[in-house]
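Here's the structure we're looking at; comments come further down.
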Number of protein chains: 2
Amino acid sequence: MREYYTITELTREFEISTRTLRFYEDEGLIQPVRRGRTRLFRPSDRHLVKQIMRGKRLGFSISEIREIIQMYREPPGEVGQLKLMIKRIEEKRGDLRQKRRDLEETLAELDQAEESCVERLVELGVNT
Amino acid sequence: MREYYTITELTREFEISTRTLRFYEDEGLIQPVRRGRTRLFRPSDRHLVKQIMRGKRLGFSISEIREIIQMYREPPGEVGQLKLMIKRIEEKRGDLRQKRRDLEETLAELDQAEESCVERLVELGVNT
DNA sequence: CATGGCATTTACGTAAAAGTCAATTGCGCC
DNA sequence: GGCGCAATTGACTTTTACGTAAATGCCATG
């Protein structure tokens, strides 16, 4: 496991710009350490970026991603906070389960669409 | 099955604004018929809206949704077009499978996070 | 027939999530 | 110590997906 990654290493790995990484820092999603003014990304920062990209692909907004990231952190010490956290996690899971249903339905419809196309090709006498 | 739906019926059903439905029409996603100037939404239009909302929840942009919707339509008659269509469908399915992986990973991490919270509650002697 | 309630069009506004550009600044190296 | 390159900051711009306001049409109801 590497000690640190530079900003450009991460931009290459995740195919995003430096602007984007700095934007995520401004938004409080990541807090790379500094040597002088230069950002140094630890493995944990890199992992956060991975989680952010996942969230993006799933259509979550920055603030939703921020919420999710907070859920991955150490559980709070106070009972009320803990219960609230659990409630929030449950809500997000509800979100995700809805997305899963949407996903399966869409995949099923695309399967159907593809089959229609293939059938049509067969009708036209094309060797598949 | 109803003949027609009014715009407000659909806004209530899908919890979106009239502005949004008109916007989708401008974008060519739906083409409700007219009585005078008033839009009448057929069951097929309603189904399209349902598919649009699904796409939105999955984080697809309007133009991606437009592409997906075109895939649901009648397969084209020409062989080249058909093959192209099949290729595009395959690409979208790749997208969706990636999203599914992202989804499962996120769900797994949320499960973990919730368990940590529950454990913490037990440590604190709270009856769950 | 005027009032209320939807509906429509046109036009401008806006928030989120970056992209782009310019002007530095620091660092490794010869 | 000068060069070149990567990194930084800050300001401005852009795109997407609608929101909002203003002016007006259409029609049923009292």
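Just the heavy atoms: all of them, side chains too, but no hydrogens, waters or symmetry mates, feed the values below. Naming: A, B, ... by sequence-line order, numbering from 1 per chain.
- Terminal axes of the helix from dC1(C)-dG30(D) to dC30(C)-dG1(D) (five pairs each, C1' rotation axis) are separated by 10°, to the nearest 10°.
- Note on R54(B) versus E105(A): salt bridge recorded, some NZ/NE/NH1/NH2 to OD/OE distance being below 4.0 Å.
- Between T6(A) and dA7(D) there is a side-chain N or O to OP1 or OP2 distance below 4.0 Å.
- A salt bridge links D45(B) with R42(B): at least one charged nitrogen is closer than 4.0 Å to a carboxylate oxygen.
- A residue-by-residue look at T8(B) and T38(A) shows that T8(B) has its nearest nucleotide of DNA chain C further toward the 5' end.
- To the nearest 0.5 angstrom, E13(B) atom CD is 12.0 Å from F41(B) atom CZ.
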Legend entry - Full working for side chain to side chain contact (heavy atoms under 4.5 Å, CB included) between T11(B) and T20(B): CA-CA 9 Å; T11(B) 63; T20(B) 299; over 6 Å; no
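- In this structure, the CD1 atom of I7(B) is 15 Å from the C1' atom of dC26(D), given to the nearest Å.
- Residues E25(B) and K56(A) each lie close to DNA chain C; by heavy-atom proximity, the contact nearer the 5' end of the strand is made by E25(B).
- Looking at heavy-atom distances under 4.0 Å, T18(B) makes no contact with the nucleic acid at all.
- I16(A) comes within 4.0 angstrom of nothing in the nucleic acid, heavy atoms only.
- One finds no salt bridge joining D95(A) and R57(B) here, because no Lys/Arg side-chain nitrogen approaches an Asp/Glu carboxylate oxygen to under 4.0 Å.
- Within the nucleic acid shown, S63(B) has no heavy atom closer than 4.0 Å to any nucleic acid atom.
- Rounding to the nearest 0.5 Å gives a distance of 10.5 Å between CZ of R97(A) and CG of L103(B).
- Counting 5' to 3', DNA chain C first comes under 4.0 angstrom of a heavy atom of chain A and last does so at the ends given by dA17(C) to dT25(C).
- The pair E25(A)-R22(A) does not count as a salt bridge, with every side-chain nitrogen at least 4.0 angstrom from each carboxylate oxygen.
- Checking R39(A) against R12(A), the closest nucleotide of DNA chain D that is more toward the 5' end is the one next to R12(A).
- Atom NZ of K87(A) and atom CD of E90(A) lie 11.0 Å apart (nearest 0.5 Å).
- Residue contacts shown for R35(B) are absent, as no nucleic acid heavy atom lies under 4.0 Å away.
- Separation of atoms CG (L96(A)) and CD1 (I89(A)) is listed at 11.5 Å; rounding is to 0.5 Å.
- The separation between I62(B) atom CD1 and dT15(D) atom C1' is 13 Å, rounded to whole Å.
- For F23(A) and dT13(D), the CZ to P distance is 18 Å, given to the nearest whole Å.
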